[in-house]
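A short worksheet on the structure shown next.
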Amino acid sequence: DNELNMAIAKFLLEDEGIIVECAIDGQEAVDKFANAAPGYYDVIFMDIMMPNLNGWDTTRRIRAMQKEDSQSIPIIAMSANGFTEDIINSRIAGMNQHLIKPLTQEKLMAALRECI
């Protein structure tokens, strides 16, 4: 949703030795996934409140693609909102998990262990 939050998440993941590739908005995320070879990405951390295309719509577009990994890639929501409705909307959109900010290394790694 903003550069600072993206930088924090990136730092926390890279500190665990994970290679991170960022997208500035939902449309860029859709484009990157669409143009990548199947299996290039292991997981997608998806902010809900992104500019141009929110995380739920971005996830729906990825899940609707005719790529062999579009249904199987884990997509983990990251949001400041943890209301039941938000979590349900993440699941309906096709997300595997819904993390509530503030993010910690422990939360990120637990979500990865559950999804991969």
Side-chain angles (χ1 to χ4, degrees):
D1 62 348
N2 66 54
E3 288 183 31
L4 178 60
N5 286 339
M6 185 170 26
I8 290 169
K10 184 175 190 238
F11 171 80
L12 293 172
L13 292 166
E14 288 179 338
D15 194 48
E16 291 287 336
I18 296 167
I19 298 169
V20 178
E21 188 173 310
C22 296
I24 59 168
D25 61 27
Q27 187 57 56
E28 184 179 6
V30 168
D31 294 342
K32 283 181 176 233
F33 185 79
N35 294 320
Y40 177 79
Y41 295 109
D42 294 315
V43 66
I44 297 172
F45 283 97
M46 184 80 69
D47 197 275
I48 300 297
M49 303 304 292
M50 293 184 293
N52 300 320
L53 189 63
N54 70 45
W56 294 320
D57 291 336
T58 302
T59 298
R60 285 185 193 94
R61 289 186 185 187
I62 289 171
R63 294 293 190 218
M65 288 181 191
Q66 299 300 310
K67 284 185 65 177
E68 66 184 65
D69 58 345
S70 66
Q71 294 297 309
S72 60
I73 187 162
I75 301 177
I76 302 170
M78 299 185 302
S79 177
N81 297 324
F83 297 110
T84 302
E85 180 180 350
D86 298 303
I87 296 168
I88 290 170
N89 284 334
S90 292
R91 295 292 182 165
I92 289 170
M95 295 177 169
N96 301 83
Q97 296 255 350
H98 186 101
L99 295 180
I100 301 165
K101 295 175 185 176
L103 298 175
T104 64
Q105 217 158 15
E106 293 77 23
K107 283 183 188 178
L108 290 168
M109 296 313 294
L112 280 175
R113 280 190 292 279
E114 287 182 35
C115 289
I116 296 180

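All residue numbers in this chain count up from 1 along the given sequence.
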Can you tell me how far [atom2] of [Y] sits from [atom1] of [X], rounded to the nearest 0.5 angstrom?
X     : Y     : atom1 : atom2 : result
His98 : Ile87 : NE2   : CD1   : 5.0 Å
Glu68 : Ile73 : CD    : CD1   : 11.5 Å
Phe33 : Ile62 : CZ    : CD1   : 6.0 Å
Ile75 : Arg60 : CD1   : CZ    : 11.5 Å

Restricting to side-chain contact (heavy atoms from CB on, under 4.5 Å), what partner residues turn up for [X], sequence neighbours left out?
X      : result
Glu114 : Gln97
Asp31  : Gln27, Asn35
Ala29  : Ala23, Thr58

By the rule that ILVMFWY residues connect when side-chain heavy atoms come within less than 4.5 angstrom, directly or transitively, which residues belong alongside Ile92?
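Noted: Ile92 shares its cluster with Ile88.
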
Who clusters with Ile76? Use side-chain heavy atoms, under 4.5 angstrom, across I, L, V, M, F, W and Y, and order the result by chain and number.
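Leu4, Ile8, Phe11, Leu12, Leu13, Ile18, Val20, Val43, Phe45, Met78, Leu99, Leu103, Leu108, Met109, Leu112, Ile116, all in the cluster of Ile76.
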
Hey, is the main chain of [Y] close enough, under 3.5 Å, to the side chain of [X] for a donor-acceptor pair?
X      : Y      : answer
Arg63  : Gly94  : yes
Ser70  : Gln66  : no
Asp69  : Pro38  : no
Lys107 : Lys101 : no

State, yes or no, whether a side-chain contact exists between Val30 and Met65 at a heavy-atom distance under 4.5 Å.
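Contact flag for Val30/Met65 side chains = yes.
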
Does any pair with a residue in residues 77-86 pass side chain to side chain donor-acceptor pair (under 3.5 Å), and if so which ones, sequence neighbours excluded?
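Sorted result for residues 77-86: empty, none.
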
